[in-house]
Amino acid sequence: MESQYQPKAIEPQVQAQWARDNAFRAPDDSPKPKYYCVSMLPYPSGKLHMGHVRNYTINDSLYHFMRMKGYNALMPMGWDAFGLPAENAAMANGVPPAKWTRDNIAYMKKQCQAMGWAIDWSREVATCSPGYYRWNQWFFLRMREKGLVYRKTGVVNWDPVDMTVLANEQVIDGRGWRTGALVEKREIPMWYMRITQYADELLDSLDGLGWPEQVKQMQRNWIGRSSGVEFTLPYAAETAQRMNEGRGPHLDGGNTNKQGLAVFTTRADTIMGITFAAVAAEHPLATEAARNNPQLAAFVEECKKGGVQEAELATMEKKGMPTGLYVLHPFTQEPIEVWVGNYVLMSYGEGAVMAVPGHDERDFAFAKKYGLAIKQVIDVEGKPYSTDEWQEWYAAPGRNVASGKLDGLDQEAAIDAVAAELERIGLGRKRVQYRLRDWGISRQRYWGTPIPIVLCPKCGDVGVPDDQLPVVLPDDMVPDGSGSPLAKSPEFFETKCPKCGGDAKRDTDTMDTFVDSSWYFMRYTCPDAKTMVDERANKWLPVDIYIGGIEHAILHLLYARFWTKAMRDMGLVKVDEPFANLLTQGMVLNHIFSRRTAKGGIEYFAPDEVQVSTDAEGKILGATLEADGSAIDYDGIGTMSKSKRNGVDPQDMIERYGADTARLYVMEANPPTDTVLWSDKAVDGAARFLRRLWKMVHDHVSAGVVKPYPDPGPLPGDREDHPRELSKELKELRFKLHKTIEKVADDYGRRMQFNTAVAAVRELLNLYDDVKDRSPVARAVAQEVLENAVLLLSPIVPHVTTALWRELRPETRLLDQPWPAVDPDALVQDTILLVLQVNGKLRGHMHVPADATREQIEAAAMHDEQVLKFMAGQKAKKVVVVPGRLVNVVV
RNA sequence: GCCGGGAUGGCGGAAUUGGUAGACGCACGGGACUCAAAAUCCCGCGGUGGCGACACCAUGUGGGUUCGAUUCCCACUCCCGGCACCA
């Protein structure tokens with residue numbers, strides 16, 4: 001055995017052996033129970049970053065652990081290969097996205113292999129291959145047949161200089177990131193998937209999932225089921241006349257009602273407090289009112305400025321303008337003026353709201369700003385009410401006042417009464433409403449799945465027939481930032497209508513890449529299937545543990561759940577949910593540096609290109625570019641990402657220390673769910689530990705391997721007069737060993753907290769190191785400790801442990817070893833150590849027999865010197881005994 | 001703005017169900033080995049006071065519940081993630 005730990009020699013050799021043995025190929029037919037562990041597939045941005053290393057090492061450790069526990073484990077890998085960064089890279093260096101993407105995949109696959117992850121590469125999937133995305137197209141058409149796909153207009157960010165649609169990420173402070181131009185909202189036709197049809201099931205089946213509670217809560221809130229009342233505020237006579245003239249364009253989504261303005265509220269009990277109504281700038285009523293009101297038209301135009309991001313809309317100053325149009329209160333027939341508000345979203349509800357400034361904080365602020373009436377109609381336990389300043393309790397449920405027939409009713413009764421009355425007069429009813437909106441999947445981009453629709457002037461939208469799938473994306477194009485190249489390529493879009501055979505045009509939009517990631521984990525199970533999926537999917541699904549970043553807690557996970565249910569309803573798979581258990585990894589963060597370009601766009605700089613100045617506490621104050629010393633902006637810390645150029649490539653660490661050290665470092669540094677600010681300060685500690693482990697095994701093996709305790713057989717040099725009885729020291733070591741096996745199994749299997757598992761093994765080996773006994777029986781215990789320590793660490797550092805196992809048990813292979821068993825005999829203790837407290841403060845310790853009764857413990861504590869000292873002669877008021885833990889004397 | 005999460009020594013973190021705050025590391029300081037360096041090994045390492053035994057303080061801030069709170073409750077501050085076209 002080599003006396004020095006040499007990862008550079010060991011790792012390639014061990015990996016080559018795994019490859020020869022096909023060690024990680026998971027058979028579809030195995031008598032063992034399956035364990036399907038999947039990580040969110042990486043976007044092939046160029047190189048792995050530390051977030052990937054963390055993600056896949058967690059996955060890999062769980063794979064090995066469950067394999068040792070007797071499962072047929074499968075860890076697949078694929079590439080989320082469509083998307084925006086490939087187009088940006090193409091624009092920057094003139095290489096087609098296809099080539100750039102394939103090169104990146106090749107490089108990153110090598111990195112994955114160098115990390116030694118137990119990936120079954122025979123199942124590799126890349127979403128940009130026609131063999132994969134044809135099934136996106138095929139399923140899109142099936143969903144369309146079922147009415148789960150439909151077309152309507154949607155609002156996008158429009159860059160008026162580049163004449164192109166921008167992603168939210170490409171809008172910085174309301175301007176296009178390349179042009180610096182002010183972004184506008186623009187309505188375009190798009191394809192939608194009817195996820196709202198599954199809203200109830202998506203909500204209800206969360207309860208049974210083994211997911212973190214916080215993620216389930218986020219999804220519940222996102223879906224946002226609320227029950228309320230939908231009703232119509234009838235138009236006042238003059239308004240009705242204007243709206244009925246039909247000059248205002250009507251949207252096709254059923255948003256307008258010829259007789260009035262449709263609104264939805266969860267606070268129908270406050271209906272008597274309505275003092276005005278507000279509509280979105282895009283609402284037909286606003287359009288009509290603006291027709292001969294230039295000031296209002298200008299305001300409506302102004303509302304169209306800026307992007308479509310919710311965060312931007314929610315934080316901007318609330319502005320409004322009266323339309324001069326009126327609706328009537330459904331009960332009193334009092335006229336209510338309709339305002340246009342920049343905070344009313346056309347995409348949510350009806351695009352119109354009733355305003356009750358007396359009991360809604362936002363309406364209150366708006367009414368104050370524009371001098372509108374504020375009316376109290378709810379009383380909360382007699383708390384004071386004044387229209388001067390908003391108070392929290394104004395929005396709380398209470399009893400109705402100044403509300404006519406509703407007076408004295410509590411919230412529930414008032415809502416019921418209002419709903420009943422509205423229904424009686426035919427103006428409204430109770431309804432369940434969701435915050436969740438249908439999923440718009442059309443993207444005006446090149447590098448994605450083509451939408452398989454032909455637009456025929458005679459037949460309308462026609463689905464591409466199955467036998468003409470896939471609609472292949474040409475892979476030699478280079479986008480230029482001014483709209484999709486597909487829309488400029490007649491070779492792509494010119495086609496014949498599949499129905500009538502006449503000249504027609506393909507849809508040149510591509511699908512949202514969330515489509516790709518909604519079912520790839522199914523395709524892994526049958527990557528060569530001639531159908532979307534086959535029976536093998538039902539063998540492996542659901543995914544037993546899904547691992548990935550917390551940033552996907554809502555969108556990706558919700559879309560994949562929806563997609564799975566849609567596939568189930570078409571009989572393609574049998575599962576209701578794709579991911580039985582979920583481990584959300586915390587983000588790996590790094591500093592972000594940027595500067596504004598001359599054009600008004602933005603460019604980012606990698607932290608290693610930057611010199612920073614800090615204050616006394618190490619806080620970063622400013623930064624300069626190392627290359628030319630120019631000042632740039634420090635933008636704080638954020639997620640490692642390609643676009644912000646703050647990712648850290650693990651390659652340096654692998655080359656310097658080896659894969660095992662890199663793996664150990666990321667696993668022992670923090671719990672997997674923690675957000676971490678990137679640092680490699682402690683990586684030396686991981687390297688040191690592996691060297692130390694190597695040396696311990698080396699020193700032991702050099703004296704000859706023996707059979708491990710408790711059944712060592714005849715020991716070399718053993719004689720009749722050598723005691724087989726363990727010394728106190730060796731008993732303690734074995735106690736620690738078996739406690740550690742127990743703890744590490746719990747940490748891996750239940751807690752999924754690897755940092756504490758490593759710490760526990762470190763503690764064990766620290767104790768082992770202190771034992772200097774070299775007697776034959778001590779050597780058998782040493783063999784037991786080392787073998788088990790190697791097994792416990794093997795899921796995290798598989799290369800070095802493979803090499804060490806070969807020395808400890810030359811006739812066997814580490815990968816075939818089961819998870820070690822706990823020896824109950826080793827855990828038997830005669831005495832236990834109790835903590836002694838006086839008034840809750842630690843005052844001493846005491847050993848008691850393991851079977852001592854509460855009375856005996858109490859009596860012993862009351863005679864303890866320290867306890868008596870701190871009781872200072874006072875009588876005990878109370879004695880708290882927590883069995884196995886502590887005694888607290890209260891005086 | 002809304003939803004979800006976080007804050008513990010110089011640093012990463014531990015304390016799993018309300019029961020010894022700081023496990024295990026990193027960095028640092030001292031020492032051993034060495035011609036020297038690296039590597040390795042040993043000792044120390046939250047703060048304040050004390051020669052010391054020891055005492056007091058301390059888990060973002062301010063309150064509360066409890067024999068006992070890092071853990072539970074209330075109010076707040078700052079940071080991170082998401083907000084539907086980054087993936």
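First the proteins, then the strands, lettered A, B, ... as listed; each starts at 1.
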Whole Å only: how far is the [atom1] atom of [X] from the [atom2] atom of [N]?
| X | N | atom1 | atom2 | result |
| --- | --- | --- | --- | --- |
| A:Glu668 | B:C11 | CD | P | 19 Å |
| A:Met316 | B:C2 | CE | C1' | 14 Å |
| A:Leu589 | B:G81 | CG | P | 6 Å |
| A:His698 | B:U40 | NE2 | C1' | 15 Å |
| A:Leu693 | B:U40 | CG | C1' | 16 Å |
| A:His52 | B:A87 | NE2 | P | 13 Å |
| A:Ile554 | B:G5 | CD1 | C1' | 12 Å |

Under a 4.0 Å threshold between the charged nitrogen and the carboxylate oxygen, would [Y] count as salt-bridged to [X]?
| X | Y | value |
| --- | --- | --- |
| A:Arg688 | A:Asp684 | no |
| A:Glu668 | A:Arg762 | yes |
| A:Lys369 | A:Glu317 | yes |

What residue among [options] forms side-chain contact (heavy atoms from CB on, under 4.5 Å) with [X]?
| X | options | result |
| --- | --- | --- |
| A:Asn670 | A:Val588, A:Asn755, A:Val676 | A:Val676 |
| A:Trp177 | A:Val183, A:Val171, A:Asp159, A:Asn88 | A:Asn88 |
| A:Trp222 | A:Leu202, A:Leu203, A:Leu558 | A:Leu558 |

Kindly point out which of [options] is positioned nearest to the side chain of [X]?
| X | options | answer |
| --- | --- | --- |
| A:Asn168 | B:C86, B:U16, B:G4 | B:C86 |
| A:Asn888 | B:A87, B:G68, B:C56 | B:G68 |
| A:Phe870 | B:A87, B:G19, B:A55 | B:A55 |
| A:Arg750 | B:A87, B:C83, B:U16 | B:U16 |
| A:Leu842 | B:C24, B:C56, B:U20 | B:U20 |
| A:Tyr559 | B:G13, B:C67, B:A84 | B:A84 |
| A:Ile550 | B:G19, B:G81, B:C80 | B:G81 |
| A:Asn766 | B:C80, B:G25, B:A84 | B:G25 |
| A:Pro671 | B:A87, B:G13, B:G5 | B:G13 |

Measuring to OP1 and OP2 of [N], would you say a side-chain N or O of [X] lies under 4.0 angstrom away?
| X | N | value |
| --- | --- | --- |
| A:Arg691 | B:U40 | yes |
| A:Thr756 | B:A15 | no |
| A:Arg688 | B:A27 | yes |

So what does [X] hit on the nucleic acid, given a heavy-atom distance under 4.0 Å: a base, only sugar-phosphate, or nothing?
| X | answer |
| --- | --- |
| A:Gln444 | base |
| A:Leu555 | base |
| A:Leu313 | nothing |
| A:His552 | base |
| A:Glu551 | base |
| A:Arg220 | nothing |
| A:Met190 | base |
| A:Ala669 | sugar-phosphate |

Glycosidic conformation of B:G10, taking syn as within 90° of 0 and anti otherwise: anti

C1' spacing across the pair B:G6 / B:C76, given as an integer number of angstrom: 16 Å

